[in-house]
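A short worksheet on the structure shown next.
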Number of protein chains: 2
Amino acid sequence: MSENKKVDYTEDEIRMARYAKALSHPARLAILNILSTQSKCFCGDIVSELPLAQSTVSQHLKELKDSGLIHGEIEPPKVCYCLNPTEWYIAKKLFKKFFE
Amino acid sequence: MSENKKVDYTEDEIRMARYAKALSHPARLAILNILSTQSKCFCGDIVSELPLAQSTVSQHLKELKDSGLIHGEIEPPKVCYCLNPTEWYIAKKLFKKFFE
DNA sequence: GATATTTATCGTAACTTTACGATAAATAAT
DNA sequence: ATTATTTATCGTAAAGTTACGATAAATATC
């Protein structure tokens, strides 16, 4: 039998794929664009800027949280979202390196 | 009734989301990494570098083609793939701008 | 305590993605 | 002509994504 050297993906490939997935929907890009200009934003404000139901926006916010790119803080009864600078920087570096 | 100014996504958001989707799987990142270092590569060589069946790799290559980031030329009986510099540059600029 | 506000989660339908093996199509070599 | 090589496509199963409305949970206000 022939030895086919099929090697697994690198850590960078796996991590960057995770970030790319988070960026792969216009609604999530729109959310990130809002957060990168306003630095902090209540969930409700994000909802009212998008053409989507509140529950759908909440789902997108959850995915962005899961990717690590944002996090939310509860300020009852609202929730304030902002970028996570550490992960943002890692993503930025990965994409920059990727495109050379 | 209240006017909720829900505006559609921008052209950039839609286009960048398409690129991000193409980049959202480690196998496709691995393929692009191969092509960016080798400039040209036969389909078979790509298949043998990935831990996936030939048909699955072919499917990933199709998605990359559909995104515009690569294209393939037939050199019978093989197919030679390479990056599409124009789209690559557009993607690079979009991601750079996005991360500031 | 009852009501209003805000956001997350549940349930669910429609669609897409990812993976594989099998097969077809196209050409080259015997 | 037959056979081998290479790649795309088909069929398909399992899992994931995207959207919505309804509802729950948590807190503030009356």
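Letters A, B, ... mirror the listed sequences (proteins, then strands); counts begin at 1.
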Atom [atom1] of [X] to atom [atom2] of [N]: distance rounded to whole Å?
| X | N | atom1 | atom2 | answer |
| --- | --- | --- | --- | --- |
| A:L61 | C:dT6 | CG | P | 16 Å |
| A:E73 | C:dT6 | CD | P | 19 Å |
| B:I46 | D:dA8 | CD1 | P | 9 Å |
| A:I31 | C:dT7 | CD1 | P | 13 Å |
| A:Q59 | D:dG21 | CD | P | 13 Å |
| A:Q54 | C:dA8 | CD | P | 7 Å |
| A:K62 | D:dT18 | NZ | C1' | 15 Å |
| B:L64 | C:dT18 | CG | C1' | 14 Å |

Determine the minimum heavy-atom distance between [X] and [Y], stating which atoms define it.
| X | Y | value |
| --- | --- | --- |
| B:L50 | B:A27 | CD1-O, 4.2 Å |
| B:H25 | A:Y9 | CE1-OH, 4.2 Å |
| A:C82 | A:S39 | CB-O, 3.0 Å |
| A:A30 | B:E13 | CA-OE2, 3.4 Å |

Could you check whether B:E63 gets within reach of a base, just the sugar-phosphate, or nothing at all, counting any heavy atom under 4.0 Å?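 It contacts sugar-phosphate atoms only.
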
From the list D:dG21, C:dT7, C:dC20, which nucleotide is the closest neighbour of the side chain of A:S55?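 When the side chain of A:S55 is considered, D:dG21 is the closest of D:dG21, C:dT7, C:dC20.
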
For [N], does either OP1 or OP2 sit under 4.0 Å from a side-chain N or O belonging to [X]?
| X | N | result |
| --- | --- | --- |
| B:S58 | D:dT7 | no |
| A:K78 | D:dA26 | no |
| B:Y81 | D:dT6 | no |
| A:H60 | D:dT17 | no |

Given the ring of B:F42, does B:K78 sit roughly above its face, with NZ or CZ under 6.0 Å from the centre of the six-membered ring and within 45° of the axis?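 Verdict for B:F42: a cation-pi partner in B:K78.
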
When the nearest nucleotide of DNA chain D is assigned to A:H25 and to A:I74 on a heavy-atom basis, which residue is associated with the more 5' position?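 Result: A:H25.
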
Which residue, A:D45 or B:K21, contacts DNA chain C at a nucleotide closer to its 5' end, judged by nearest heavy atom?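 Taking each residue's closest nucleotide, the earlier one in sequence belongs to A:D45.
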
